[in-house]
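In what follows, chains are A, B, ... by sequence order, proteins preceding strands, each numbered from 1.
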Amino acid sequence: MSDEKPTESAIDSSAGSLPKAYDPSIIEQRWADYWVQERLFDVPPPNERVPSRPTGGPREALKEGVNPFTILLPPPNVTGRLHMGHMLNQTEMDILTRWHRMRGETALWVPGTDHAGIATQTMVERQLAEEGSSRKQLSRDAFIARVWKWKQQYGSAITEQMKRLGASVDWSREYFTMDDRLSIAVKEAFIRLWEQDLIYRGAYIVNWDPQLQTAVSDLEVENEERAGHLYHIRYPLADGGALSPDSPDSIVVATTRPETMLGDTAIAVNPIDERYKNLIGKLVALPLSSVSGGPAREIPILADDWANPEFGTGAVKVTPAHDPNDFAIGQRHSLPQLNIFDETAHVNLPGSPYHGLDRFAARKRILADLEAAGLLVAVKDHTLTLPISQRTGVVIEPRLSMQWFLAVNKSPAKTGTESGAPSFRGAEGGVPQNSIAANAIAAVRDGHIRFTPDNYTKIYNQWMTNIHDWCISRQLWWGHRIPAWHCGKCAAITVARDTPTACGTCGSADIEQSTDVLDTWFSSGLLPFTAFGWPGDPLAPETTKLTADLAAFYPTSLLVTGFDILFFWVARMIMLSTHFMLDVPMRDGAGGLRPRTLAEAVPFNAVYIHALVRDANREKMSKMKGNVIDPIEIITKYGTDAVRFTLASQASPGTDIAFNEARTEGYRAFANKIWNAARFLFMNLDRAREAGYNVKLSHNGVISTGAAGGVERPPNFSSAPTELPDHTPLETRWIFARLSLVSGEVARSLADYRFDEAANAIYQFFWGEFCDWYLELVKLRLNFDIPNNDDTAITLASLTSVFEAALRLLSPFMPFLTEEIWHALYAGTPPAKSIALTRYPQASDFPSSELTIAAMDTLQELITTIRALRKELSVPEKEATPIALHAGARVLALTGAHADMLGRLARVSAIEFSNEQLTGNNARSTPNFDVAVVYERQIDVAAERERLTKDLARHEKVLTANEARLADEKFIGKAPAHIVEGLRKQTAETRTLYDKTKTALDALG
RNA sequence: GGGCGGUUAGCUCAGUUGGUUAGAGCGCCUGCCUUACAAGCAGGAUGUCGGGGGUUCGAGUCCCUCACUGCCCACCA
């Protein structure tokens, strides 16, 4: 089955050929393959006529049009396996993308994968370890070749999984962040930043992961509170301190990390601290610092405000090479920086007894030695926050090392190296400083980027305002190697686009490329523009570097992502994109170019941040806990559509999703329901054909017939409301009206990222209204025994039309099921290659009338009331009974005209109209009518009394409350008229119900 | 140390700018194999909206406070 071509397997619309139960496993893979093979969602390269994207809020998207909708897939790690977070993320993006596409917009969703420096390198290193080899045993080039081989072999796993989800991405534009094209762009970005003097190299304290043996950024460090100790250590004064008898001969410092004392180069006390005032300037003999049996190192006691007299002993040891604060003190006092650890955090002090010890072993030894020397004064319990490497879980070792940094709070220097390039930057006012961070702040502050939920605006601002320079170098092998060459002779740095042969400063040929690579987030931060071809043809003049894709699709419309990468990625994209894109000109519409504004330089106009997918008990999923739900597993069990719908129906902004399989089971049932509704329809279409009806499907929902979703759209995109013949039955008018309203609701919800509301509206419509009511009612009309019956013809046409439209409405949420049925409906000759290329139902597509809805509401209420009464009276399901009805003229007329509905749906055999109120124990009252079921059967008096008593109490409560309010002059005076009027009406109705209930209760005796 | 959320039916969650009797799905109870569907149909029960106070004609919704709970940021040895 699955190897058949979909168009051929699209079954004839005969109920007999649809299996009774819906089985997603036999259709989903087939359509997933079909969408990819047919390149249905590829967007052809834009031409000059592509209109540029107007800026506007999400509401703007409600208008139909041909604007591009562009969205970038957050690239998963190439080593990754799909998890529930991906699935939520992609479901949301796919719903929106399919929705926009079906609205006639050019919907471009660009997929890709991230080379994920650390993750990938670690994975391959692990593989090597299993083979008894290691990265260092291979050469750098051999190792990188090995990673590429791995990528070739396994790198497509995650994208293959994506295809299974039905993600409607443009595979022709798929990228990998280490592709040649993107590597060139990354290099170019680095070089320009260097030329603008925004990248610098320097020795600073960085977060060092001793396991990975690389620097990591602040963001890659998690702070964990742990119980630890504060050690008070005595440092003797070098001169013995015998200045005067009461003068101390030592100073006691407090530290949590005694092993770092080997790197101490000073002791700091606060200048206002009276205890130590006369020690300032003295030297101490650093204990345990003797190398090869030599004398102890002597270090000064100095005054620095950093020392807090309240904390510990008020004296702090200063280790400039291993603590950021100490580093700062060192800078202020020109202290030497003594790096005592190697890159694996083992003591690196040849000649010292601690040489070669791991940092924790060194701590133990040092504490023991201090104790033995009587220098360990006190050990106090102390909770400290330990920096933990996110990637490896090991304790981060702050370490002085040479790294590359991106200056984020600095204005770019004029480049000068670009050949006469005109600067398009900064034409807009309002950006005070033009630094990377300032632009990133302005972009959000000025509303060019909107966050949903909007509280992330604040979080973003807070972070961006306090941002530090970004350490962008990593001591890894897998990644974008920094295009800088160090000179062996003069030590100068040569940064160049093409591999240089000589030092740019002294001309020496003794140059070597930096061994560092760039932080993965540096390259992914460039994606919003590099994915569209930036920087373009490097040989072309600067002003024409606007690639066609960039011109057509930048800025992207939306970014959908999780809050966990808000700073890692979202913020970096805003920083880097605004910075670089301000220099890329805009088409001015008259064939020329003009500077780009900040609004046009932002990477996206909106950011939708979704929550976490948790397990059914709201626990965070983790491998350790073993509660990780594998999307592929759950999809195999319930079908992709059901899982997608589960996620969508719970995806309300700002709330985590507790993924509950029971719910997915419910949505599989929903899919099955629709499947069976289709079977019902097909069965009737068959009957109609057999009875000689001319069954022809209109193609009015189709917006594209030929090529894949291109930029061009057929002119007949808009569709006029379906015209209903005069004698169209009520239920058909009603279902069209409901479809219209629901279509409107769905559009409004999706525009606000309310996937839950949209999904629930469709669910309720499809099941609660179309299936539960409409399908039951059409059974009254479909009468194939009578040839050329008007009711039958109109109803069948409407039924088909509504069902087809409802499928389109549902298709962004359940693309597989709807595709399958839609193709089946057209019996192998569909008007488009996919339902995804048809028009999305709009409220204005269908005739709608409030009167129709009100009429059906009344009939539904009547039917429901009769059903309840029958149940209460224990009328056997199959037995029809007469009813008595007391009501106003409108309801009576309505009931008279639709007695057949009551017969079918409430098993009413006859209707007796009554002039009297009906209050017997076989009767029920609503504000619109009294109805009684005529059935001779002793009712359960006790149960009836209980029910009536309860009702009475409820009515009474309402009456008391309402009457009190209506008697309140302040309420009458201040509340708006429609509220008062509504309350009056409700009170009157409740009064009537109360009276009737009272009478009925009294009648029970 | 700062900052941000959450608390509504047994469970998971909705509840628009305050406005007439607070909803959904699942679960639960009862009755039905009614030829699209038992993955179904019909009916039913279930809430002092975390506690307290305030503003208001009117509060699940706004303000204060307390409790519990989750998260983010932060260079105090």
Legend entry - side-chain N/O A:Trp767 vs B:C41 OP1/OP2, d < 4.0 Å: yes
Inset, instruction - May I have the distance from A:Glu745 (atom CD) to B:G23 (atom C1'), rounded to whole angstrom? - result: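 Computing the A:Glu745:CD to B:G23:C1' distance gives 14 Å.
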When both hydrogen-bonding distances must be under 3.5 Å and the geometry is Watson-Crick or G-U wobble, what is [N] paired with, if anything?
{"N": "B:C32", "result": "B:G40"}
{"N": "B:C49", "result": "none"}
{"N": "B:G6", "result": "B:C68"}
{"N": "B:G19", "result": "B:C57"}
{"N": "B:G25", "result": "B:C11"}

Inset, instruction - Could you please name the option among B:C37, B:A77, B:U34 that lies closest to any side-chain atom of A:Asn672? - result: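 Nucleotide nearest to A:Asn672's side chain: B:C37.
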Inset, instruction - Under 4.0 Å between any heavy atoms, over every strand shown, what does A:Asn466 touch: base, sugar-phosphate, or nothing? Just pick one. - result: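 Counting heavy atoms under 4.0 Å across all strands, no contact is made by A:Asn466.
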Inset, instruction - Sticking with atom P, work out how far B:G6 lies from B:G44, rounded to a whole angstrom. - result: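 After rounding to an integer number of Å, I get 35 Å for this pair.
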Inset, instruction - For B:U48 and B:G52, measure between their P atoms and round to the nearest Å. - result: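 The same atom, P, in both gives a distance of 12 Å.
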Legend entry - A:Arg907 bridged to A:Glu879 by N-O distance under 4.0 Å: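 The answer is no: the pair does not qualify as a salt bridge.
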Kindly say whether, by distance alone, the side chain of [X] makes a donor-acceptor pair under 3.5 Å with the base of [N]?
{"X": "A:Lys974", "N": "B:U56", "answer": "no"}
{"X": "A:Lys458", "N": "B:C4", "answer": "no"}
{"X": "A:Gln650", "N": "B:A24", "answer": "no"}

Legend entry - 5'-most by nearest nucleotide on RNA chain B - A:Lys970 or A:Ala677: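 It is A:Ala677, whose closest nucleotide lies nearer the 5' terminus.
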